[in-house]
Amino acid sequence: MDVFQRFEAVVADQVAALVAEGTIPAEAAGAAIVLEPPRDASHGDLATNAALALAKPARMNPRELATLIGLKLARHPEIATAEVAGPGFINLTLEEGVWRSELARILSEGPDYGRGEAAIETLPVNVEYVSANPTGPMHMGHCRGAVVGDALASLLAFAGHQVTREYYVNDAGGQVDVLARSAHLRYREALGEAIEIPEGLYPGDYLQPVGKALAAEFGDRYAAAPESEWLVPFRARAVAAMMEMIRGDLALLGIHHDIFSSEAALLASGAPQRAEAELRARDLIYDGVLPPPKGETPDDWEPVELPLFRSTAYGDDIDRPIRKSNGQWTYFGNDMAYHAEKARRSSALVNIWGADHAGTVKRIEAAVEALTHGEKRLDVKLVQMVRLFRGGEPVKMSKRAGNFVTLADVVREVGRDVVRFMMLTKRPEAMLDFDFAHVVEQSRENPVFYVHYAHARISSVLRKASELALPVPELSRLDADELGLAKLAAQWPRLVRQAAAAREPHRIAFYLADLAGGFHSLWNRGNDDPAFRLLREDDPQLTAARLELARAVAQVIRTALSVMGVTAAEELR
RNA sequence: GGUCCCGUAGCUCAGCAGGAUAGAGCGGCGGUUUCCUAAACCGUAGGCCACAGGUUCGAAUCCUGUCGGGACCA
């Protein structure tokens with residue numbers, strides 16, 4: 001239990017005491033009481049709105065109630081002062097010993113400081129991310145979702161959830177047939193034919209090795225054979241090769257999924273039929289005719305009866321077909337069955353999708369809600385696109401011409417840590433600009449550098465200090481500014497809980513920038529006045545105390561970075 | 001035409017499940033060099049939180065509508 005949770009309990013106890021005394025009615029105890037660090041440090045260490053929240057149900061003046069609660073809180077041995085402020089806030093200042101022992105705790109718990117306790121949140125969570133079509137290498141379009149999904153999975157795991165990282169392989173649609181045809185062309189090329197890649201097939205030369213492997217395996221057996229003879233085996237081998245490539249690309253970012261679920265296998269298992277049967281039995285699927293699309297009606301549109309899922313019952317605009325007029329499952333039909341399957345395995349589902357799939361969110365959320373009998377287990381997180389720049393100039397990409405920027409290229413150029421960190425420097429729902437020149441710059445504007453720099457500075461000092469014989473640290477030697485940094489470090493467990501609850505891994509990056517800033521600030525104090533330097537040869541006791549603080553900050557930086565999948569730098573070169 | 005996302009300082013963005021005087025970086029102005037280095041720090045100026053209603057003791061935050069930018073569907 002961290003500092004914040006502990007004092008939340010203390011506040012709750014006092015509220016319960018007021019109920020027991022009959023000062024406030026029992027039903028008021030359900031009010032939303034929060035305890036948070038105040039924005040303004042002069043307001044103390046913690047602030048609670050308890051009196052404001054309880055005033056109305058208790059039919060009392062908020063400031064009077066605050067005074068009452070404040071008096072009770074002030075008796076707590078770890079609370080130095082409890083002051084009523086503003087409309088009825090209670091500002092708490094804790095005894096300094098609380099923060100000193102928290103500092104000691106950071107060091108004793110090490111990389112586990114802030115880790116969620118299993119008892120709090122053990123829900124199994126399934127995070128599905130990347131799920132790129134197995135038709136080519138990963139490119140930058142996939143990168144952000146991959147990093148956000150992976151960091152979220154780590155965050156949830158660190159917060160105490162059981163996490164499954166899953167990748168849905170779309171190996172059953174028309175795209176993979178196109179892949180098989182493209183591979184066949186490369187196969188003929190490998191056999192010595194001169195080929196020309198027609199419009200509509202994948203032009204990338206990453207299929208050349210696949211063609212060669214097919215030639216080696218089959219000789220010229222399928223060179224002139226009709227498609228029906230080679231499509232299935234070629235498709236299987238091409239998909240397998242693409243998945244191997246994708247796994248390799250993801251590994252460059254340090255991303256490893258636990259499960260790769262195959263759409264084709266799902267289809268073969270009859271899962272869509274089962275989902276359909278269940279929903280038909282509950283009248284959530286019916287045969288009907290959709291209205292023509294609004295706006296321009298395409299010439300080939302004609303009314304057809306299709307099996308439709310009643311997504312409108314869950315807030316969608318129209319009901320959605322689960323099969324096409326030729327009887328094949330729609331993408332949605334398969335996806336519905338897939339999510340039903342996932343929902344059986346996990347109590348919470350998170351999907352990380354590109355913003356281009358925004359239009360299909362409602363129907364799949366509706367389907368999960370229907371199939372799980374109203375439990376809203378699915379949370380679809382949309383990740384906006386990344387715009388690439390090089391020194392301020394946009395990087396041109398044309399997917400059709402095959403000259404897109406691959407993820408592997410980017411990782412090779414700027415490094416895995418930089419890519420991972422940068423992808424988390426904005427809220428996922430806002431567009432992100434990624435400038436190759438900027439992200440490797442060593443300046444204050446570059447948060448990756450800024451955070452690494454703080455850690456490197458601490459590492460350097462600790463290397464130097466290792467030669468000194470220092471006494472046991474006496475943390476009471478730390479001054480108010482130093483204790484302020486300790487308080488910031490002590491917020492890490494709370495940040496983990498909140499970021500995990502909101503499912504927003506980017507908050508870690510912003511917290512790290514704050515923490516690093518706090519450290520740089522203290523460091524520079526030492527440049528202004530040597531008395532503030534961490535290493536004070538004339539005062540080993542003070543040195544020992546300051547190094548404890550520095551160690552704790554470095555520990556939290558390392559832990560937070562590791563949740564983001566980034567390695568802390570010992571030195572900068 | 002519809003759905004989704006965004007609109008906070010000149011620029012790029014935070015804003016913690018509604019809380020106190022809305023924050024940070026860049027850029028502007030003025031300062032600070034013995035530890036990893038001025039690659040950093042400190043100070044200062046700069047805001048009708050797009051707009052209009054609503055809910056609330058209290059709204060940048062929640063709801064409705066309008067305007068502007070983007071993505072997608074057809």
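Residue numbers begin at 1 in each chain, while the letters A, B, ... track the order of the sequences.
- Put simply, NZ on A:Lys381 is 11 Å from P on B:C5, counting in whole angstrom units.
- A side-chain donor-acceptor contact under 3.5 Å links A:Asn351 and A:His339.
- For A:Asn91 against B:A20, a side-chain-to-base donor-acceptor contact under 3.5 Å is present.
- Taking the charged nitrogens against the carboxylate oxygens, A:Glu548 and A:Arg477 have no contact shorter than 4.0 Å, which rules out a salt bridge.
- We find that CD of A:Glu8 is positioned 12 Å from P of B:A17, with the value rounded to whole Å.
- Across the protein-nucleic acid pair, A:His452 atom NE2 and B:A40 atom P stand 15 Å apart, rounded to whole Å.
- Put simply, CE on A:Met60 is 15 Å from C1' on B:C57, counting in whole angstrom units.
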For nucleotides 61-68 of chain B, tabulate all protein N/O to nucleotide N/O atom pairs closer than 3.5 Å, reporting atom names and distance.
none

Using a cut-off of under 3.5 Å, enumerate the N/O to N/O pairs linking the protein to nucleotides 70-72 of chain B.
from: B:C72; atom 1: O2'; to: A:Asp356; atom 2: O; distance (Å): 3.4

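- Rounded to the nearest Å, the gap between the P atom of B:U66 and that of B:C29 is 45 Å.
- Residues that satisfy the salt bridge (Lys or Arg N to Asp or Glu O under 4.0 Å) test with A:Asp335, not counting sequence neighbours, are absent from this structure.
- Note: CG (A:Leu432) to C1' (B:C5) measures 15 Å, nearest angstrom.
- Using atom P as the reference point in both B:C67 and B:A59, the two lie 26 Å apart (nearest Å).
- What separates CH2 of A:Trp353 from C1' of B:C5 is a distance of 15 Å, to the nearest Å.
- To the nearest angstrom, P of B:U12 lies 19 Å from CZ of A:Phe434.
- A:Tyr511 places a side-chain N or O within donor-acceptor distance of the main-chain N or O of A:Leu488, the cut-off being under 3.5 Å.
- Distance from the side chain of A:Arg427 is smallest to B:A14 among B:C35, B:A14, B:A39.
- Taking the six-membered ring where the residue is Trp, A:Trp353 and A:His357 present tilted rings, their angle falling between 30° and 60°.
- Nearest nucleotide to the side chain of A:Arg494, out of B:G19, B:C16, B:C35: B:C16.
- B:G53 and B:C16 are spaced 25 Å apart, taking the P atom of each and rounding to whole Å.
- For residues 36-53 of chain A, the salt bridge (charged side-chain N to carboxylate O under 4.0 Å, His left out) pairs, not counting sequence neighbours, are A:Asp45-A:Lys487.
- Between the base of B:C36 and the side chain of A:Glu571 there is a donor-acceptor pair shorter than 3.5 Å.
- Of the P atoms belonging to B:U44 and B:C5, the separation is 39 Å, rounded to the nearest Å.
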Under-3.5 Å N/O pairs linking protein and nucleotides 23-34 of chain B:
from: B:U32; atom 1: O2'; to: A:Asp528; atom 2: OD1; distance (Å): 3.1
from: B:U34; atom 1: N3; to: A:Arg533; atom 2: NH1; distance (Å): 3.0

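- Stretches of at least 3 consecutive Watson-Crick or G-U wobble pairs, with each checked distance under 3.5 Å, appear in RNA chain B as B:1-7 with B:67-73, B:10-13 with B:23-26, B:28-32 with B:40-44, B:50-54 with B:62-66.
- In this structure A:Arg59 satisfies the salt bridge (Lys or Arg N to Asp or Glu O under 4.0 Å) test with no other residue, sequence neighbours excluded.
- Applying the 5.5 angstrom centroid cut-off and the 30 degree plane-angle cut-off, the aromatic ring of A:His520 is not stacked upon the base of B:A40.
- Look at the P atom in both B:A40 and B:A50: the space between them is 32 Å, to the nearest Å.
- Note on A:Ser521: a side-chain N or O is less than 4.0 Å away from OP1 or OP2 of B:C42.
- Residue A:Tyr450 places at least one side-chain N or O closer than 4.0 Å to OP1 or OP2 of B:C41.
- For the C1' atom pair drawn from B:G25 and B:G43, the interatomic distance equals 16 Å after rounding to whole Å.
- The side chain of A:Tyr453 approaches B:C36 more closely than any other nucleotide in the set B:C36, B:G19, B:C41.
- Note on A:Leu382: only backbone sugar-phosphate atoms sit closer than 4.0 angstrom, heavy atoms only; bases stay farther off.
- In this structure, A:Trp523 packs face-to-face on the six-membered ring of B:C35, meeting both the 5.5 Å centre cutoff and the 30° plane limit.
- For A:Arg494 and A:Glu8, the salt-bridge test fails: no basic side-chain N is under 4.0 Å from an acidic carboxylate O.
- Residue-nucleotide stacking is not present for A:Phe89 and B:G19, judged by a side-chain ring centre under 5.5 Å from the six-membered base ring centre and planes under 30° apart.
- Residues passing the ring pair (Phe, Tyr, Trp, His ring centres under 6.0 Å) test with A:Phe7 are A:His76, sequence neighbours excluded.
- If you take CG of A:Asp45 and C1' of B:A20, they are 17 Å apart, rounded to a whole angstrom.
- Between the P atoms of B:C62 and B:A24, the separation comes to 23 Å (whole Å).
- With B:C4, B:G19, B:C42 as the choices, the nucleotide that has an atom nearest any side-chain atom of A:Lys362 turns out to be B:C4.
- Every residue two or more places apart in sequence or in another chain was checked for a salt bridge (Lys or Arg N to Asp or Glu O under 4.0 Å) with A:Asp435, and none qualifies.
- Listed by chain and number, the residues in a ring pair (Phe, Tyr, Trp, His ring centres under 6.0 Å) with A:His43 amount to none (sequence neighbours excluded).
- The phosphate of B:C16 has neither OP1 nor OP2 within less than 4.0 Å of any side-chain N or O from A:His506.
- One cannot find a donor-acceptor pair under 3.5 Å joining the base of B:G2 and the side-chain atoms of A:Asp317.
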If you look only at distance, which donor and acceptor atoms sit under 3.5 Å apart when one is on a side chain in residues 500-507 of chain A and the other is two or more places apart or in another chain?
from: A:Arg503; atom 1: NH1; to: A:Asp379; atom 2: OD2; distance (Å): 3.1
from: A:Glu504; atom 1: OE1; to: A:Arg507; atom 2: NE; distance (Å): 2.9
from: A:Glu504; atom 1: OE1; to: A:Arg507; atom 2: NH2; distance (Å): 3.0

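- Every salt bridge (Lys or Arg N to Asp or Glu O under 4.0 Å) that A:Asp538 has, sequence neighbours left out, goes to A:Arg536.
- Phosphate contact (OP1/OP2 of B:G58, side-chain N/O of A:Lys56, threshold under 4.0 Å): absent.
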